[in-house]
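Chain naming here is simple, since letters A, B, ... match the order of the sequence lines and numbering starts at 1 in each. Atom set for the values below is all heavy atoms of this structure, side chains included, hydrogens, waters and symmetry mates excluded.
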Amino acid sequence: MQDTVNREQDAADRATGYRMEARQVSKIFGTHKALDGVDFGLLPGEVHALLGENGAGKSTLIKILTGAYQPDGGAIFVDGEEVHLTSPLQAQTYGIGTVYQEVNLLPNRSVAENLFLGHQPTRFGLVDRRRMDREARVLLKRYGLDIDPSSELGAHSVAVQQIVAIARAVQLSGKVLILDEPTASLDRDEVQRLFEVIASLKRDGLAIVFITHFLDQVFALADRVTILRNGRLVDTRRLTELSRTDLVRKMLGKDIAFSGSTSLEAERPPTELLLDFKGYGRKRSVRPFSLAIHKGEVIGVAGLLGSGRTEMARMMFGIDPADEGSVTLSGKPITVKSATEAIGHGFGFCPEDRKADGILGDLSVRENIVIALQGKLGWFRALNRDEQLDLAGQFGEAMDIRAASLDMPVKLLSGGNQQKVILARWLATDPAFLILDEPTRGIDVGAHAEIVRTINRLRDDGMALVVISSEIDEVVAYSSRVVVMRDREMVAELKGEDINPAVIVQAIATHGENSEFEAEVTA
Amino acid sequence: MMRIPLARLVNTQTIALVGVLLLNWILFPGFFKIEWQDGRLFGSLIDVLNRGAPVAILAIGMTAVIATKGVDLSVGAVMAMAGAVAATLVVGGYPGWVAVAGALTVGLLCGLWNGALVALLDIQPIIATLVLMVAGRGIAQLITEGSIVTFSDPTLVFIGTGSFLGLPMPVVIALALMILVTLAVRKTAIGLFIEAVGVNRSAATLAGIRSRLLLIAVYAVSGLCAAIAGIIVAGDIRGADANNAGLWLELDAILAAVIGGTSLLGGRFSIVMSVVGALIIQAMNTGILVSGYPPEFNLVVKAGMITLILMIQSPFAGRLLTWFGRNRRKGA
Amino acid sequence: MSILKKLALAAGLATALSSAAMAADGMTVGFSQIGSESGWRAAETSVTKSQAESRGINLKFADAQQKQENQIKAIRGFIAQGVDAILVAPVVATGWEDVLNEAKEANIPVVLLDRGIDGPEDLYLTSVASDQVKEGRVAGQWLVDTVKDKDCKVVELQGTVGSTPAINRKKGFEEAIAGSKNITIIRSQTGDFTRSKGKEVMEGFLKAENGGKGICALYAHNDDMAVGAIQAIKDAGLKPGSDILVVSIDGVPDIFTAIAAGEANATVELTPNMAGPAFDALAAYKKDGTVPPKFIITESKLYTAADDPKGEYERRKGLGY
């Protein structure tokens, strides 16, 4: 009986024809399910795009496929045989190679050495340099590179280095090639060149996984796409079956109804003008935009990862200051050249990456709450311990922070409570303008609701807010207006009835849909 | 109410210090004997304080630097430079206070240089301060032309060997500096900012802390401390020994800070405990001297003791202790 | 001229204008010095230069900054320039064969100064160095002669643990006092050849020996440690030079000040004039082919209060100690 099942299963495996397959893989970090029963099949001779916002589980899946992580559940198959990948090196022996955005080769060694490092052709036990260079030249020609194999790798452009990295990975592995954001630091011509290489590898029957933030590149290159969201599989489709809008919708939330609810906030009459950005931009970061923000207003910012939404927030807060345009605060022109200056103007900023830019992990909840206010007061007007406890107690309570003690290290709190601590930190400075970058990502439902409630409350109290979020429903619920970012440019400002999920998704996806691919990647 | 400050004084550092002192007493029964002689206190315990003072002063500045997730390898070389400058000035006929001011200025400039490399150019502290560690001693040798510049200026000699209220001047200076810097960081927000920058510089900057300015200030203080230590060491031997003054003392200062509980990963720090750390190191040195063991054992004994102390302080030992505690309670 | 004369005198060279020296006139000699890591080294450099000048030798000087590769480079440079002879103070003992063979093939005699090398003796003409064991012996003998049959407990400040001069100077001293049962070394610690460690260790000795009352004499492996220790003895309320006898080695200027002040008793000179005997040997060799002995040992002269310490200080202070 069992035998029959197995045989049937085997037959099914062969029928799928997957070169590599992940079946029901899960990965748990602590209590957080980074991957939850995800299926992923990779056919020979296809380019398979893997899409998802931050935290969707893309990188976890990639690390499982390359052996850097071991799954907590599910199984991996190569050519229908189950394999246990223990390290990227061992995965190579199964034919799986990876190329990362940051080329991790040796820039001060020759191109040929980089191609053959670890398995150089030898003669009498010594590296046969001449043969190595000769073989390298042949290999490079196949990739359309006519460069001197004995030249230093670092002397070549990133694109060439990228192609060398691909050549090395294919040379070593040869079945599956995983490209993790290979185009992120390339210009248009270089992307073209890389795409030609990928297309020819595809013709040779290689199975290629392609990860990128650029939707245009997905449509230009990929045959199929797999979309992940919050650690779960949303869909795997042929791209010919999928419209651009559908794709964005799947990435941002499977439940967005096209009829969509319109924001209640949109009806509110405009109040006093607080901030007026005019032609505000930063070279190679955010194209100039104009935006007026009123008191008691939430500006929702929608856009995919890499669209320039975070860059806009950092520019507004002076971390990466604008190099063109102007801004006025209550009618008076101001400059915002550093976070300190921004805080002086009454700004606050909850960064996207809580751990890297937000919390001071080893310091106490109390210190984490008072730090921005203390920063504002300066070096010499120190809040004493009682004042600190008062403040931390007051704002901790207002944010409903669940901590055993205000003196415990903040790193021991849950993600949601950490986020509340950072909000409390800014509220303690009594800001007029608050920028929140993905304030609800990766936190539990209760904290999520608390933060949305807080956003509403602050808006009603007359604060101006800019809230960046990938949660379209959420953006719709609290925004007075929504701006849409795409390719580092503000492409739409939606008001009134336009603030509904359908329009927002349309704006993210359709703008420039008809334009040529080449025009897109110049951004 | 009384229990809190007492409890705060009982920790692994003070226990280790008492332990080392008791060990010295076992090896040399006269260790705790203190006499009044020529208007000053005299005894092995005073030697520990007096000889430990330069490293303690270095450790005061080093602790602040380490708390910002940095390190200052240049302090030994800055000591040599400061001593060389002070000695050369008094030999050149300038009054003692000018020599002191000159040496302090050199220390301050060195600290500003290190701070600028770390804060403005974002060079890793270990590399940034390595520059002066290597170059500084060379500069000191250039100043003294490779020889020991001997002097008898009363101001410098007093700083190195004088006494105040019976205590050697180096001890008085170290004590004053410890209190001053502790007040400066704890009665202002500077201490909190140092810890914030050390824990997460990016987050601290986003919270509005002027982290670059803070880093420069911290390295400048470290440079100043090194200069003070350099003046003391030169005054002590009435000469500036560019080749040997402060040699390897940066490592002792780092060790003192680490024994004092400051993590090399930045964050929490205690100036007072670092000074205790410096005294632990010196108590071991003095203990070795009075014990009469052959010098071949010096480094082995020192290394063994330090390993022991660091093991006692390690999180593993902490877990082991709680485990034992729990089991004992269970057994009882 | 007066400076020259003083320098020549300072080197203690009586044979400055001997016939051999005259023969050296016009010779070009390359000198590869280790560096200037100590005052004695700086003095050796300046004495070598003055010795060359007084003999009319054209000296080409190269400072290796503690690196053997720099010394090898300098020697190759000298060979290429076709010098008449080469002086080397080798920074390490090994790795000289190739470059010294090159000098030999070019018929350029090489004289080693101050330190030896591991390698065939035919690679160099001669070596000029002091006898460190003898230095220790002279210091010890002075103590034996001074205390006669009185009991004397000695504390010893060693050089850096494991260094050759520390081992040899300890050995020589112990040999000299071996016959005197009344003299015993009661404590011996390293002061790393530095003034501040010398002072610190002496403080420890004094505490450990009942405030120094039991100590009869201090033997320091170099003068710098002795100078530091003298301050420690004074701080302890004792009189160095009378309560505790002080004998050390090197003959740096500051120890002569101490001897003049009665705070130190004796020093054994390690002469910085290694070049004088070397030039003499070279001149004789060039003149009539006289092959010098393979090892020329410099004099280890004892200086006490009777030897005009003030004058000795004056003669040395300009040499770069």
Side-chain angles (χ1 to χ4, degrees), chain B residues 27-31 33 35 37-38 40 42-48 50-51 54 83 137-138 141-142 144-150 152 157 160-161 163 168 232-234 236-248 282 285-299, chain C residues 35-43 45-46 63 65 155-162 166 186-211 223-225 227-232 234-237 252-254 257-258 317 319-321:
Chain B
L27 290 173
F28 172 58
F31 189 78
K33 199 172 90 180
E35 289 169 51
Q37 189 177 315
D38 301 335
R40 62 194 298 175
F42 191 81
S44 290
L45 212 51
I46 303 297
D47 281 355
V48 171
N50 192 23
R51 293 286 151 222
R137 196 162 292 282
Q141 284 164 347
L142 280 179
T144 62
E145 294 168 345
S147 60
I148 299 179
V149 178
T150 310
S152 55
V157 171
T161 62
S163 62
I232 289 175
V233 165
D236 181 42
I237 59 166
R238 299 168 187 238
D241 184 351
N243 296 312
N244 299 305
L247 195 63
W248 307 124
Q282 188 54 44
N285 289 341
T286 305
I288 288 167
L289 290 186
V290 293
S291 68
Y293 287 136
E296 287 76 9
F297 287 98
N298 291 5
L299 297 177
Chain C
S36 58
E37 76 281 1
S38 68
W40 183 86
R41 185 71 58 196
T45 301
S46 65
D63 183 336
Q65 296 178 331
V155 294
E156 180 183 28
L157 283 170
Q158 298 185 27
T160 307
V161 175
I186 51 167
R187 277 179 186 268
S188 182
Q189 248 298 344
T190 174
D192 281 338
F193 284 129
T194 72
R195 220 178 255 206
S196 58
K197 282 289 278 182
K199 182 172 181 186
E200 180 180 348
V201 175
M202 191 65 204
E203 280 176 0
F205 286 166
L206 291 164
K207 303 295 180 317
E209 296 301 327
N210 192 23
D223 290 340
D224 275 333
M225 290 191 291
V227 169
I230 286 168
Q231 288 175 27
K234 285 201 276 187
D235 288 349
V252 305
D254 283 345
T257 315
K317 71 174 181 185
L319 292 181
Y321 275 107

Original post:
Is the shortest heavy-atom distance from the side chain of C/F193 to the side chain of B/N244 under 4.5 Å?
Top reply: no

Original post:
How close do B/Q141 and B/N243 get, heavy atom to heavy atom, and via which atoms?
Top reply: NE2-OD1, 2.5 Å

**OP:** Go through the steps to decide whether C/K197 and B/D241 satisfy the test salt bridge (charged side-chain N to carboxylate O under 4.0 Å, His left out), and finish with yes or no.
**Re:** CA-CA 12 Å; C/K197 282 289 278 182; B/D241 184 351; over 6 Å; no

**OP:** Could you look at C/D192 and say if it's the side chain, the backbone, both or neither that has a heavy atom under 4.5 Å from chain B?
**Re:** neither

Original post:
Based on non-hydrogen pairs under 4.5 Å, which of B/T161, B/D38, B/D236 is most in contact with chain C?
Top reply: B/D236

Original post:
Of all of C/A236, C/S188, C/A42, which one pairs up most often with chain B through heavy atoms under 4.5 Å apart?
Top reply: C/A236

Original post:
So does C/R41 pair up with C/D63, basic N to acidic O under 4.0 Å?
Top reply: no

Subject >> Interface moiety of B/L247 toward chain C, non-hydrogen atoms closer than 4.5 Å >> reply: neither

**OP:** For C/D223 and C/V252, indicate whether the former's side chain and the latter's backbone hold a donor-acceptor pair under 3.5 Å.
**Re:** yes

Subject >> Under 4.5 Å from a heavy atom of chain B, the part of C/V201 involved >> reply: both

**OP:** Would you mind checking which part of B/Y293 comes under 4.5 Å of any heavy atom in chain C, side chain (CB onward), backbone (N, CA, C, O), both or neither?
**Re:** backbone

Subject >> Side chain, backbone, both or neither of C/S196 within contact of chain B (heavy atoms, under 4.5 Å) >> reply: both

Subject >> Heavy-atom contact with chain B under 4.5 Å, split by part of C/A43 >> reply: neither

**OP:** Scan side-chain atoms only and decide if B/T150 and C/D254 contain a donor-acceptor pair under the 3.5 Å cut-off.
**Re:** yes

**OP:** Report the option among B/E35, B/Q37, B/E296, B/K33 that has the most heavy-atom pairs separated by less than 4.5 Å from atoms of chain C.
**Re:** B/Q37

**OP:** Give, as side chain, backbone, both or neither, the part of C/Q189 having an atom under 4.5 angstrom from any heavy atom of chain B.
**Re:** both

**OP:** Go through B/S291, B/P294, B/G43 and name the one with the most non-hydrogen pairs under 4.5 angstrom from chain C.
**Re:** B/G43

Original post:
So what's closer than 4.5 Å to chain B heavy atoms on C/R187: side chain, backbone, both or neither?
Top reply: side chain

**OP:** Please say whether the positively charged group of C/K207, taken as NZ for Lys or CZ for Arg, lies over the ring of B/F42, i.e. under 6.0 angstrom from the six-membered ring centre and within 45 degrees of the axis.
**Re:** yes

**OP:** Keeping the roles fixed (side chain from C/E203, backbone from C/A232), state whether a donor-acceptor pair exists under 3.5 Å.
**Re:** no

Original post:
Can you find a heavy atom in the side chain of B/L289 that is under 4.5 Å from one in the side chain of B/F28?
Top reply: no

Subject >> Contact origin within C/Q158 toward chain B - heavy atom pairs under 4.5 Å >> reply: side chain

